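Residues: numbered from 1 along the sequence shown. Please read these numbers as outputs of a predicted model, since none were measured by experiment.
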Amino acid sequence: MHSIPTKPMLALAIGIAAGVGGYNVGMPLPWMLGPMIGVTLAALLRLPIAGPDRLRPIVIPAIGVMLGSAIDHDTFAQLAEWSTTMLLLPVALFAAGGVSYLVYRRLGGYDPVTAFYSAMPGGLNEMLLMGAAQGGNERRIAMAHAARVLLVILFVALYFGLAMGVRSNGNGTVWIALTDITLTDYLILGACAVIGLPLGKVLRLPAAPIFGPMVLSGAAHVLGWVTVAPPTVIVIAAQIVMGTVIGSRFIGAKLREMGRDLGLAVVATLLMLVVAATAAWVATLLVMMSQAQAFLAYAPGGLTEMSLLTLAINQDVAFVSVTHIVRITLVIAIAPAVFRLIHRPANT
(Lines give C-alpha, C1' and ligand atoms only; values in the text may rest on other atoms or scores of the structure.)
Protein backbone atom coordinates (compact mmCIF):
# COMPACT_ATOMS: atom_id res chain seq x y z
CA MET A 1 0.00 0.00 0.00
CA HIS A 2 2.82 2.39 0.74
CA SER A 3 4.77 1.74 -2.46
CA ILE A 4 2.49 3.84 -4.66
CA PRO A 5 2.76 7.18 -2.83
CA THR A 6 6.43 6.71 -1.93
CA LYS A 7 7.52 6.58 -5.59
CA PRO A 8 6.44 10.15 -6.47
CA MET A 9 7.64 11.30 -3.06
CA LEU A 10 11.09 9.87 -3.83
CA ALA A 11 11.07 11.65 -7.19
CA LEU A 12 10.18 14.94 -5.50
CA ALA A 13 12.86 14.39 -2.84
CA ILE A 14 15.43 13.85 -5.59
CA GLY A 15 14.11 16.95 -7.37
CA ILE A 16 14.37 19.10 -4.24
CA ALA A 17 17.86 17.82 -3.42
CA ALA A 18 19.01 18.41 -7.00
CA GLY A 19 17.52 21.91 -6.97
CA VAL A 20 19.23 22.82 -3.70
CA GLY A 21 22.48 21.31 -4.95
CA GLY A 22 22.24 23.18 -8.23
CA TYR A 23 21.55 26.43 -6.39
CA ASN A 24 24.52 25.96 -4.06
CA VAL A 25 26.97 25.29 -6.90
CA GLY A 26 25.70 28.24 -8.94
CA MET A 27 23.90 26.25 -11.65
CA PRO A 28 21.98 28.45 -14.11
CA LEU A 29 18.25 28.42 -13.29
CA PRO A 30 18.82 25.65 -10.72
CA TRP A 31 15.27 25.15 -9.43
CA MET A 32 14.05 23.68 -12.73
CA LEU A 33 17.29 22.50 -14.32
CA GLY A 34 18.54 20.70 -11.19
CA PRO A 35 15.41 18.56 -10.63
CA MET A 36 15.12 17.90 -14.36
CA ILE A 37 18.64 16.49 -14.57
CA GLY A 38 18.49 14.71 -11.21
CA VAL A 39 15.20 12.91 -11.85
CA THR A 40 16.17 12.06 -15.44
CA LEU A 41 19.32 10.36 -14.14
CA ALA A 42 17.27 8.58 -11.46
CA ALA A 43 14.87 7.33 -14.13
CA LEU A 44 17.69 6.05 -16.33
CA LEU A 45 19.28 4.36 -13.30
CA ARG A 46 15.97 2.54 -12.77
CA LEU A 47 15.38 3.93 -9.28
CA PRO A 48 11.86 3.23 -7.91
CA ILE A 49 10.37 6.62 -8.73
CA ALA A 50 7.15 7.86 -10.33
CA GLY A 51 6.09 11.25 -11.64
CA PRO A 52 4.13 13.48 -9.24
CA ASP A 53 1.05 13.26 -11.44
CA ARG A 54 -1.34 14.23 -8.64
CA LEU A 55 0.52 17.50 -8.09
CA ARG A 56 0.57 18.54 -11.73
CA PRO A 57 -3.16 19.44 -11.99
CA ILE A 58 -2.68 21.60 -8.88
CA VAL A 59 0.55 23.23 -9.96
CA ILE A 60 -0.52 24.10 -13.52
CA PRO A 61 -3.38 26.49 -12.50
CA ALA A 62 -1.09 27.96 -9.82
CA ILE A 63 1.51 28.64 -12.49
CA GLY A 64 -1.19 30.30 -14.59
CA VAL A 65 -1.98 32.62 -11.68
CA MET A 66 1.71 33.43 -11.28
CA LEU A 67 2.08 34.20 -14.97
CA GLY A 68 -0.96 36.46 -14.85
CA SER A 69 0.69 38.51 -12.11
CA ALA A 70 3.15 39.80 -14.70
CA ILE A 71 0.35 41.39 -16.77
CA ASP A 72 -0.19 45.13 -16.29
CA HIS A 73 -1.35 48.18 -18.23
CA ASP A 74 1.92 48.26 -20.19
CA THR A 75 1.05 44.85 -21.63
CA PHE A 76 -1.78 46.33 -23.69
CA ALA A 77 0.50 49.09 -24.97
CA GLN A 78 2.70 46.40 -26.52
CA LEU A 79 -0.07 44.65 -28.46
CA ALA A 80 0.93 46.40 -31.70
CA GLU A 81 4.46 45.04 -31.37
CA TRP A 82 3.09 41.57 -30.66
CA SER A 83 1.17 41.52 -33.94
CA THR A 84 4.40 41.97 -35.90
CA THR A 85 6.21 39.17 -34.11
CA MET A 86 3.15 36.90 -34.38
CA LEU A 87 3.32 37.24 -38.18
CA LEU A 88 6.78 35.71 -38.04
CA LEU A 89 5.59 32.78 -35.96
CA PRO A 90 4.07 30.62 -38.77
CA VAL A 91 7.25 31.07 -40.82
CA ALA A 92 9.41 30.04 -37.87
CA LEU A 93 7.15 27.05 -37.16
CA PHE A 94 7.30 25.88 -40.77
CA ALA A 95 11.10 26.17 -40.84
CA ALA A 96 11.59 24.50 -37.43
CA GLY A 97 9.19 21.66 -38.21
CA GLY A 98 10.73 21.22 -41.66
CA VAL A 99 14.34 20.85 -40.53
CA SER A 100 13.29 18.59 -37.66
CA TYR A 101 11.26 16.40 -40.02
CA LEU A 102 14.28 15.98 -42.31
CA VAL A 103 16.38 14.85 -39.34
CA TYR A 104 13.90 12.17 -38.27
CA ARG A 105 12.96 11.07 -41.79
CA ARG A 106 16.28 11.22 -43.67
CA LEU A 107 18.86 10.85 -40.92
CA GLY A 108 16.83 8.67 -38.56
CA GLY A 109 14.92 6.66 -41.14
CA TYR A 110 11.61 7.03 -39.29
CA ASP A 111 8.43 6.21 -41.18
CA PRO A 112 6.61 9.33 -42.48
CA VAL A 113 3.97 9.46 -39.73
CA THR A 114 6.42 8.98 -36.87
CA ALA A 115 8.90 11.46 -38.37
CA PHE A 116 6.22 14.11 -38.94
CA TYR A 117 4.61 14.00 -35.50
CA SER A 118 8.00 13.69 -33.80
CA ALA A 119 9.12 16.85 -35.60
CA MET A 120 6.13 19.11 -35.03
CA PRO A 121 6.80 21.73 -32.28
CA GLY A 122 3.44 21.19 -30.60
CA GLY A 123 2.31 19.78 -27.28
CA LEU A 124 3.56 16.30 -26.35
CA ASN A 125 0.14 14.85 -25.56
CA GLU A 126 -1.54 16.28 -28.65
CA MET A 127 1.19 15.17 -31.06
CA LEU A 128 1.27 11.71 -29.45
CA LEU A 129 -2.48 11.26 -29.86
CA MET A 130 -2.47 12.51 -33.46
CA GLY A 131 0.54 10.42 -34.40
CA ALA A 132 -0.87 7.27 -32.80
CA ALA A 133 -4.19 7.76 -34.61
CA GLN A 134 -2.26 7.80 -37.92
CA GLY A 135 -0.35 4.65 -37.04
CA GLY A 136 2.91 6.22 -35.88
CA ASN A 137 5.35 4.74 -33.38
CA GLU A 138 4.07 6.06 -30.03
CA ARG A 139 7.28 5.36 -28.11
CA ARG A 140 9.43 7.29 -30.57
CA ILE A 141 7.00 10.21 -30.80
CA ALA A 142 6.80 10.46 -27.01
CA MET A 143 10.60 10.23 -26.70
CA ALA A 144 11.13 12.92 -29.35
CA HIS A 145 8.88 15.44 -27.59
CA ALA A 146 10.03 14.64 -24.06
CA ALA A 147 13.64 14.98 -25.21
CA ARG A 148 12.86 18.22 -27.07
CA VAL A 149 11.38 19.87 -23.99
CA LEU A 150 14.23 18.68 -21.78
CA LEU A 151 16.93 19.71 -24.25
CA VAL A 152 15.41 23.12 -24.98
CA ILE A 153 15.28 23.96 -21.28
CA LEU A 154 18.81 22.63 -20.80
CA PHE A 155 20.27 24.61 -23.71
CA VAL A 156 18.30 27.78 -22.97
CA ALA A 157 19.11 27.71 -19.25
CA LEU A 158 22.80 27.13 -19.91
CA TYR A 159 22.87 29.89 -22.52
CA PHE A 160 21.21 32.47 -20.30
CA GLY A 161 23.20 31.37 -17.28
CA LEU A 162 26.67 30.97 -18.79
CA ALA A 163 26.60 33.38 -21.72
CA MET A 164 24.40 36.10 -20.21
CA GLY A 165 24.96 35.60 -16.48
CA VAL A 166 21.23 35.27 -15.73
CA ARG A 167 20.12 33.61 -12.50
CA SER A 168 16.65 32.60 -11.37
CA ASN A 169 14.54 34.02 -8.55
CA GLY A 170 16.16 33.72 -5.18
CA ASN A 171 19.63 34.35 -6.55
CA GLY A 172 20.24 37.98 -7.21
CA THR A 173 16.63 39.16 -7.36
CA VAL A 174 14.29 40.52 -4.70
CA TRP A 175 12.96 37.80 -2.40
CA ILE A 176 9.21 38.02 -1.83
CA ALA A 177 8.19 36.32 1.42
CA LEU A 178 4.94 34.47 2.02
CA THR A 179 4.01 37.14 4.59
CA ASP A 180 4.40 39.94 2.03
CA ILE A 181 0.99 38.97 0.65
CA THR A 182 -2.22 39.63 2.57
CA LEU A 183 -5.00 37.12 3.20
CA THR A 184 -7.19 39.03 0.74
CA ASP A 185 -4.50 38.68 -1.93
CA TYR A 186 -4.29 34.93 -1.32
CA LEU A 187 -8.08 34.58 -1.54
CA ILE A 188 -8.30 36.52 -4.81
CA LEU A 189 -5.42 34.64 -6.41
CA GLY A 190 -6.80 31.32 -5.16
CA ALA A 191 -10.16 32.16 -6.71
CA CYS A 192 -8.41 32.92 -10.02
CA ALA A 193 -6.93 29.40 -9.98
CA VAL A 194 -10.11 27.61 -8.89
CA ILE A 195 -12.47 29.50 -11.23
CA GLY A 196 -10.03 29.96 -14.10
CA LEU A 197 -9.59 26.25 -14.75
CA PRO A 198 -13.25 25.35 -15.46
CA LEU A 199 -13.84 28.75 -17.08
CA GLY A 200 -11.01 28.14 -19.53
CA LYS A 201 -12.50 24.76 -20.45
CA VAL A 202 -16.01 26.17 -20.86
CA LEU A 203 -14.68 28.95 -23.11
CA ARG A 204 -12.53 26.37 -24.93
CA LEU A 205 -9.42 28.43 -24.42
CA PRO A 206 -6.20 26.90 -25.75
CA ALA A 207 -4.13 25.38 -22.92
CA ALA A 208 -7.12 26.01 -20.64
CA PRO A 209 -5.60 24.70 -17.36
CA ILE A 210 -2.93 27.39 -17.48
CA PHE A 211 -4.46 30.07 -19.71
CA GLY A 212 -7.78 30.38 -17.85
CA PRO A 213 -6.18 31.16 -14.46
CA MET A 214 -3.63 33.37 -16.20
CA VAL A 215 -6.32 35.52 -17.80
CA LEU A 216 -8.23 35.95 -14.53
CA SER A 217 -5.05 36.71 -12.59
CA GLY A 218 -4.00 39.22 -15.23
CA ALA A 219 -7.40 40.92 -15.01
CA ALA A 220 -7.17 41.06 -11.21
CA HIS A 221 -3.74 42.72 -11.42
CA VAL A 222 -4.73 45.17 -14.16
CA LEU A 223 -7.84 46.19 -12.17
CA GLY A 224 -5.70 46.70 -9.08
CA TRP A 225 -7.42 44.07 -6.96
CA VAL A 226 -3.99 42.53 -6.41
CA THR A 227 -0.73 44.44 -6.82
CA VAL A 228 1.91 42.00 -5.62
CA ALA A 229 4.02 39.36 -7.36
CA PRO A 230 3.81 35.75 -6.17
CA PRO A 231 6.01 34.70 -3.23
CA THR A 232 9.41 33.50 -4.37
CA VAL A 233 9.08 30.18 -2.57
CA ILE A 234 5.96 29.35 -4.61
CA VAL A 235 7.77 30.17 -7.86
CA ILE A 236 10.64 27.91 -6.76
CA ALA A 237 8.24 25.11 -5.76
CA ALA A 238 6.54 25.28 -9.17
CA GLN A 239 9.89 25.01 -10.93
CA ILE A 240 10.89 22.01 -8.81
CA VAL A 241 7.63 20.20 -9.57
CA MET A 242 7.85 20.86 -13.30
CA GLY A 243 11.52 19.85 -13.43
CA THR A 244 10.58 16.62 -11.63
CA VAL A 245 7.69 16.00 -14.05
CA ILE A 246 9.97 16.45 -17.08
CA GLY A 247 12.59 14.08 -15.68
CA SER A 248 9.98 11.47 -14.79
CA ARG A 249 8.94 11.21 -18.45
CA PHE A 250 12.02 9.05 -18.97
CA ILE A 251 10.89 6.42 -16.45
CA GLY A 252 11.08 3.01 -18.10
CA ALA A 253 13.42 4.18 -20.86
CA LYS A 254 16.57 2.13 -21.39
CA LEU A 255 19.63 4.18 -22.23
CA ARG A 256 20.92 1.60 -24.71
CA GLU A 257 17.63 1.54 -26.62
CA MET A 258 17.01 5.29 -26.51
CA GLY A 259 20.57 6.33 -27.39
CA ARG A 260 19.98 6.71 -31.12
CA ASP A 261 16.58 8.38 -30.71
CA LEU A 262 18.06 10.79 -28.18
CA GLY A 263 20.92 11.59 -30.56
CA LEU A 264 18.40 12.46 -33.28
CA ALA A 265 16.50 14.63 -30.80
CA VAL A 266 19.69 16.54 -29.98
CA VAL A 267 20.31 17.29 -33.67
CA ALA A 268 16.68 18.22 -34.34
CA THR A 269 16.45 20.41 -31.24
CA LEU A 270 19.67 22.27 -32.01
CA LEU A 271 18.43 23.03 -35.53
CA MET A 272 15.07 24.21 -34.18
CA LEU A 273 16.88 26.49 -31.73
CA VAL A 274 18.91 27.93 -34.61
CA VAL A 275 15.62 28.71 -36.37
CA ALA A 276 14.27 30.29 -33.15
CA ALA A 277 17.41 32.41 -32.74
CA THR A 278 17.17 33.59 -36.35
CA ALA A 279 13.49 34.47 -35.97
CA ALA A 280 14.29 36.32 -32.74
CA TRP A 281 17.01 38.30 -34.50
CA VAL A 282 14.60 39.28 -37.29
CA ALA A 283 11.95 40.25 -34.74
CA THR A 284 14.34 42.60 -32.95
CA LEU A 285 15.03 44.32 -36.27
CA LEU A 286 11.32 44.99 -36.75
CA VAL A 287 10.25 45.99 -33.23
CA MET A 288 11.82 47.33 -30.04
CA MET A 289 12.26 44.10 -28.13
CA SER A 290 15.15 42.38 -26.40
CA GLN A 291 16.59 39.44 -28.30
CA ALA A 292 16.39 37.36 -25.11
CA GLN A 293 12.64 37.89 -24.86
CA ALA A 294 12.06 37.15 -28.54
CA PHE A 295 14.18 34.00 -28.33
CA LEU A 296 12.22 32.71 -25.32
CA ALA A 297 9.02 33.25 -27.30
CA TYR A 298 10.20 31.36 -30.40
CA ALA A 299 12.12 28.58 -28.63
CA PRO A 300 10.28 25.24 -29.14
CA GLY A 301 9.92 24.30 -25.47
CA GLY A 302 6.79 23.52 -23.50
CA LEU A 303 4.37 26.35 -22.70
CA THR A 304 4.53 25.88 -18.94
CA GLU A 305 8.27 25.35 -18.82
CA MET A 306 9.19 28.29 -21.07
CA SER A 307 6.78 30.58 -19.22
CA LEU A 308 8.35 29.61 -15.90
CA LEU A 309 11.83 30.27 -17.26
CA THR A 310 10.65 33.66 -18.49
CA LEU A 311 9.19 34.48 -15.08
CA ALA A 312 12.39 33.35 -13.37
CA ILE A 313 14.63 35.68 -15.40
CA ASN A 314 12.26 38.65 -15.34
CA GLN A 315 11.31 38.85 -19.01
CA ASP A 316 7.86 39.66 -20.43
CA VAL A 317 5.84 36.64 -19.32
CA ALA A 318 2.61 37.70 -21.02
CA PHE A 319 4.23 37.99 -24.46
CA VAL A 320 6.15 34.73 -24.19
CA SER A 321 3.18 32.78 -22.82
CA VAL A 322 0.74 34.05 -25.44
CA THR A 323 3.23 33.32 -28.22
CA HIS A 324 3.60 29.72 -27.06
CA ILE A 325 -0.16 29.31 -26.75
CA VAL A 326 -0.56 30.54 -30.33
CA ARG A 327 2.28 28.21 -31.43
CA ILE A 328 0.69 25.11 -29.91
CA THR A 329 -2.76 26.05 -31.20
CA LEU A 330 -1.45 26.59 -34.74
CA VAL A 331 0.41 23.28 -34.78
CA ILE A 332 -2.60 21.33 -33.49
CA ALA A 333 -4.91 23.04 -35.99
CA ILE A 334 -2.84 22.66 -39.14
CA ALA A 335 -0.62 19.61 -38.54
CA PRO A 336 -3.10 16.99 -39.90
CA ALA A 337 -3.78 19.06 -43.03
CA VAL A 338 -0.08 19.65 -43.65
CA PHE A 339 0.65 15.95 -43.23
CA ARG A 340 -2.05 15.01 -45.76
CA LEU A 341 -0.73 17.63 -48.19
CA ILE A 342 2.88 16.43 -47.93
CA HIS A 343 2.10 12.75 -48.34
CA ARG A 344 -0.78 12.94 -50.83
CA PRO A 345 1.40 12.09 -53.87
CA ALA A 346 2.81 9.00 -52.13
CA ASN A 347 -0.68 7.74 -51.30
CA THR A 348 -2.22 8.13 -54.72
Side-chain angles (χ1 to χ4, degrees), residues 56-57 60-61 63-65 67-68 70-71 75-76 78-98 100-101 116-134 141-142 144-146 148-149 152 196-219 242 272 275-276 279-280 283 293-311 316-342:
R56 197 172 188 276
I60 295 296
I63 292 173
V65 172
L67 300 178
I71 299 175
T75 301
F76 297 98
Q78 299 170 353
L79 290 178
E81 296 179 0
W82 291 14
S83 62
T84 302
T85 56
M86 289 296 176
L87 291 176
L88 282 174
L89 184 59
V91 179
L93 288 176
F94 181 82
S100 183
Y101 175 78
F116 182 83
Y117 285 100
S118 295
M120 290 299 99
L124 184 153
N125 293 328
E126 293 83 3
M127 295 301 99
L128 181 58
L129 290 173
M130 289 182 178
Q134 295 284 341
I141 295 173
H145 287 285
R148 170 175 59 85
V149 172
V152 166
L197 176 59
L199 180 63
K201 291 182 177 179
V202 169
L203 297 178
R204 296 185 178 181
L205 296 176
I210 192 170
F211 196 39
M214 177 181 168
V215 169
L216 287 187
S217 176
M242 293 311 302
M272 295 172 85
V275 172
Q293 179 177 306
F295 178 67
L296 285 166
Y298 289 126
L303 163 65
T304 306
E305 295 83 7
M306 295 308 299
S307 299
L308 271 176
L309 283 180
T310 306
L311 181 67
D316 189 339
V317 173
F319 169 72
V320 172
S321 299
V322 170
T323 303
H324 281 285
I325 288 171
V326 173
R327 167 180 65 85
I328 293 170
T329 304
L330 280 174
V331 172
I332 293 172
I334 68 175
V338 172
F339 178 77
R340 288 193 297 269
L341 181 65
I342 291 174

Derivation and outcome, side-chain contact (heavy atoms from CB on, under 4.5 Å), residues Met120 and Leu93: CA-CA 8 Å; Met120 290 299 99; Leu93 288 176; over 6 Å; no

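- Of all non-hydrogen atoms in Leu67 and Ser307, the two that sit nearest each other are CD1-CB, 3.4 Å.
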Check against side-chain contact (heavy atoms from CB on, under 4.5 Å), Val338 and Phe116: CA-CA 10 Å; Val338 172; Phe116 182 83; 3.9 Å; yes

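- From Thr329, atom OG1 reaches atom CZ of Phe211 across 8.5 Å, with rounding to the nearest 0.5 Å.
- Distance CD1/Ile325 to CD1/Ile210: 7.0 Å, rounded to 0.5 Å.
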Could you go through the side-chain contact (heavy atoms from CB on, under 4.5 Å) check for Tyr298 and Leu88 one step at a time? CA-CA 9 Å; Tyr298 289 126; Leu88 282 174; 3.4 Å; yes

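- The shortest non-hydrogen separation linking Val275 to Ala92 is CG1-O, 3.6 Å.
- The minimum heavy-atom distance linking Ile141 with Leu128 is given by the pair CG2-CA, 4.0 Å.
- Looking at Arg148, its side chain does come within 3.5 Å of a backbone N or O of Pro300 through a donor-acceptor pair.
- A donor-acceptor contact shorter than 3.5 Å is absent between the side chain of Ser217 and the backbone of Pro213.
- The shortest heavy-atom contact between Thr323 and Leu89 is O-CD2, 3.8 Å.
- Contact detail for Pro121 and Met272: the closest heavy-atom pair is CB-CE, 3.6 Å.
- Distance check, rounded to the nearest 0.5 Å: CD1 of Ile328 to CG of Leu303 gives 5.0 Å.
- Put simply, the side chain of Ser321 gets close to the backbone of Val317: a donor and an acceptor are under 3.5 Å apart.
- Taking both residues in full, the closest heavy atoms of Pro90 and Leu330 are given as CG-CD1, 4.3 Å, listed atom of the first, atom of the second, then distance.
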